[in-house]
**Student:** 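Sharing a structure below in structure tokens format, with a few things to ask.
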Amino acid sequence: MFSSAPAIVDLDGDNLPDVVMGERNGNVNYFKNTGTPTEPQYASLPTIQVLGGISTTVIGEVVGFSTPSFIRKNDGSIMLVVGSQGGPFKAYDNVVASGTPFTLISDQWGGLDEGNRTHPAFADFNNDGILEMVVGNFRGGLSLFKTELADCSVGTNQASAVLDQLGLYASPNPADQQLTLTVSNASGSYRWVATNSMGQRIATGEQNSSSLVITTSDWANGVYFIQVLDKNGKKRGVKKVVIAR
């Protein structure tokens with residue numbers, strides 16, 4: 001896929017993060033997660049190549065540069081806003097994992113046109129319960145808009161509270177033979193995963209106590225990330241460490 005624009009969202013309601021990807025052609029691809037929350041698996045080809053019948057292709061051209069962004073409303077339904085080659089945003093309601101055309105809210109949502117190749121993203125920046133929208137475009141600038149989207153959330157399932165006082169200690173430092181990971185408010189079992197700077201998993205384990213020792217004697221020199229996840233697979237914290245000998 002050329003000029004891919006990925007978004008992560010649980011679109012089929014199975015509590016697994018799926019990948020939805022816009023692309024140069026203007027369609028939106030859906031890749032179902034057939035793995036787990038912590039070890040997702042996706043096929044090399046889309047599960048649904050034209051999600052919801054979406055196309056942002058400009059009349060007279062063969063490109064659309066679709067860029068999807070998802071909003072979960074307080075009733076549990078999902079709204080989709082898609083940026084485009086031409087600039088205007090298309091918005092859809094009641095979005096699910098289907099090739100059947102979605103309910104179109106507007107093909108010029110908000111009456112905005114921020115230039116070529118718009119890419120929207122949403123967050124509540126000022127914590128007032130109403131989402132803001134940040135828009136990037138081909139020129140490279142960013143614009144900020146206030147929306148009327150209240151009591152909504154964005155992204156995949158949010159973790160509950162981040163684990164307090166997540167500590168990672170090495171002796172000597174940089175790490176050589178072992179690391180000590182401490183989690184002060186761990187309740188029940190939790191999982192840890194170590195990945196290198198390329199995102200490759202190096203080691204993993206499950207722990208019940210607030211402290212554990214991770215052996216690093218066979219790790220190559222480099223930068224690593226230690227993630228701590230609760231038993232439901234949601235990320236609760238991450239620490240970076242450098243292995244150097």
Side-chain angles (χ1 to χ4, degrees), residues 1-12 17-33 42 45-74 77-126 128 130-158:
M1 296 176 187
F2 294 99
S3 301
S4 58
I8 299 176
V9 61
D10 174 17
L11 210 54
D12 57 1
D18 306 312
V19 171
V20 177
M21 191 173 298
E23 63 168 312
R24 181 180 184 272
N25 290 345
N27 59 299
V28 175
N29 305 270
Y30 167 71
F31 294 83
K32 177 178 173 58
N33 180 2
Y42 308 98
L45 296 176
T47 309
I48 302 172
Q49 188 170 21
V50 184
L51 181 69
I54 296 171
S55 175
T56 60
T57 304
V58 177
I59 296 176
E61 298 187 24
V62 295
V63 297
F65 291 101
S66 55
T67 54
S69 185
F70 294 88
I71 301 159
R72 189 175 296 276
K73 298 192 294 185
N74 58 358
S77 64
I78 298 176
M79 177 180 170
L80 168 62
V81 178
V82 186
S84 67
Q85 158 70 11
F89 303 99
K90 291 189 174 186
Y92 301 88
D93 209 355
N94 299 313
V95 174
V96 294
S98 173
T100 302
F102 294 149
T103 302
L104 180 66
I105 300 173
S106 173
D107 58 4
Q108 291 187 322
W109 188 69
L112 298 172
D113 186 347
E114 284 295 290
N116 289 347
R117 300 192 195 179
T118 50
H119 195 153
F122 296 87
D124 182 8
F125 287 103
N126 56 3
D128 64 351
I130 301 175
L131 295 181
E132 283 75 46
M133 178 174 70
V134 177
V135 179
N137 60 23
F138 185 70
R139 296 191 306 271
L142 292 174
S143 300
L144 178 66
F145 297 91
K146 189 76 174 178
T147 76
E148 297 179 351
L149 299 170
D151 300 318
C152 298
S153 62
V154 294
T156 56
N157 292 336
Q158 301 296 313

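Numbering of residues begins at 1 and proceeds along the displayed sequence.
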**Student:** Does atom CZ (Phe138) have a neighbourhood of more than 12 heavy atoms from anything else shown, all under 6.0 Å?
**Tutor:**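 For Phe138, atom CZ is not crowded (no more than 12 foreign heavy atoms under 6.0 Å).
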
**Student:** Working to the nearest 0.5 Å, report the span between CG of Asp113 and OG1 of Thr118.
**Tutor:** 7.5 Å

**Student:** If I compare all heavy atoms of Phe70 with all of Val20, which pair ends up nearest, and what's the gap?
**Tutor:**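 Closest approach of Phe70 to Val20, heavy atoms only: CZ-CG1, 3.6 Å.
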
**Student:** Working to the nearest 0.5 angstrom, can you tell me the gap between Asp124 CG and Leu149 CG?
**Tutor:** 11.0 Å

**Student:** What are the two closest heavy atoms between Tyr42 and Pro17, and how far apart are they?
**Tutor:** OH-O, 2.6 Å

**Student:** Applying side chain to side chain contact (heavy atoms under 4.5 Å, CB included), can you list everything that pairs with Asn25, at least two apart in sequence or on another chain?
**Tutor:** Glu23, Asn27

**Student:** So, taking the atom named CZ in Arg117 and the one named OG1 in Thr67, what distance separates them when rounded to the nearest 0.5 Å?
**Tutor:**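 That separation rounds to 11.0 Å.
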
**Student:** Measuring from atom CZ of Arg72 to atom OG of Ser77, what distance do you get when rounded to the nearest 0.5 angstrom?
**Tutor:**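 Rounded to the nearest 0.5 Å, the CZ-OG separation comes to 8.5 Å.
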
**Student:** Working to the nearest 0.5 Å, report the span between CG of Asn29 and CG of Leu45.
**Tutor:**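 The CG atom of Asn29 sits 10.0 Å away from the CG atom of Leu45.
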
**Student:** If only atom types and distance count, is the side chain of Thr147 paired as donor or acceptor with the main-chain N or O of Leu131 below 3.5 Å?
**Tutor:** yes

**Student:** Using every non-hydrogen atom in the two residues, find where Ser69 and Phe122 come nearest and quote the distance to one decimal.
**Tutor:** OG-CD1, 3.3 Å

**Student:** Can you list everything that forms a side chain to side chain donor-acceptor pair (under 3.5 Å) with Tyr30? Sequence neighbours excluded, please.
**Tutor:** Asp12, Asp18

**Student:** Taking Gly64's backbone N and O only, do any of them form a donor-acceptor pair with Thr56's side chain (distance below 3.5 Å, no angle check)?
**Tutor:**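 Such a contact is found between Thr56 side chain and Gly64 backbone.
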
**Student:** Can you run down the side chain to side chain donor-acceptor pair (under 3.5 Å) pairs that involve residues 95-109, sequence neighbours left out, and say none if there aren't any?
**Tutor:** Ser98-Thr100

**Student:** Keeping to residues at least two apart or across chains, list the salt bridge (Lys or Arg N to Asp or Glu O under 4.0 Å) pairs with something in residues 131-140.
**Tutor:** Glu132-Lys146

**Student:** Table please: side-chain donor-acceptor pairs of residues 79-89 below 3.5 Å, with sequence neighbours left out.
**Tutor:**
residue, atom, partner, partner atom, Å
Ser84, OG, Gly87, N, 3.1
Ser84, OG, Pro88, O, 2.8

**Student:** Hey, could you give me each pair passing salt bridge (Lys or Arg N to Asp or Glu O under 4.0 Å) that has a residue in residues 80-103? Not counting sequence neighbours.
**Tutor:**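 Passing the test, one end in residues 80-103: Lys73-Asp93.
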
**Student:** Among residues two or more places apart or on two chains, list those pairs meeting side chain to side chain donor-acceptor pair (under 3.5 Å) that have a residue in residues 46-55.
**Tutor:** Ser55-Thr57

**Student:** Of Val19, Val96, Leu51, which meets side chain to side chain contact (heavy atoms under 4.5 Å, CB included) against Leu11?
**Tutor:**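 Between Leu11 and the candidates, side chain to side chain contact (heavy atoms under 4.5 Å, CB included) is satisfied uniquely by Leu51.
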
**Student:** For Pro68 and Gly22, work out which heavy atoms get closest and say how close.
**Tutor:**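 Shortest heavy-atom separation between Pro68 and Gly22 comes out as CD-N, 3.6 Å.
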
**Student:** Enumerate the residue pairs fulfilling salt bridge (Lys or Arg N to Asp or Glu O under 4.0 Å) with a member in residues 47-62, sequence neighbours excluded, ordered by first and then second residue.
**Tutor:**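 Those involving residues 47-62 do not exist here.
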
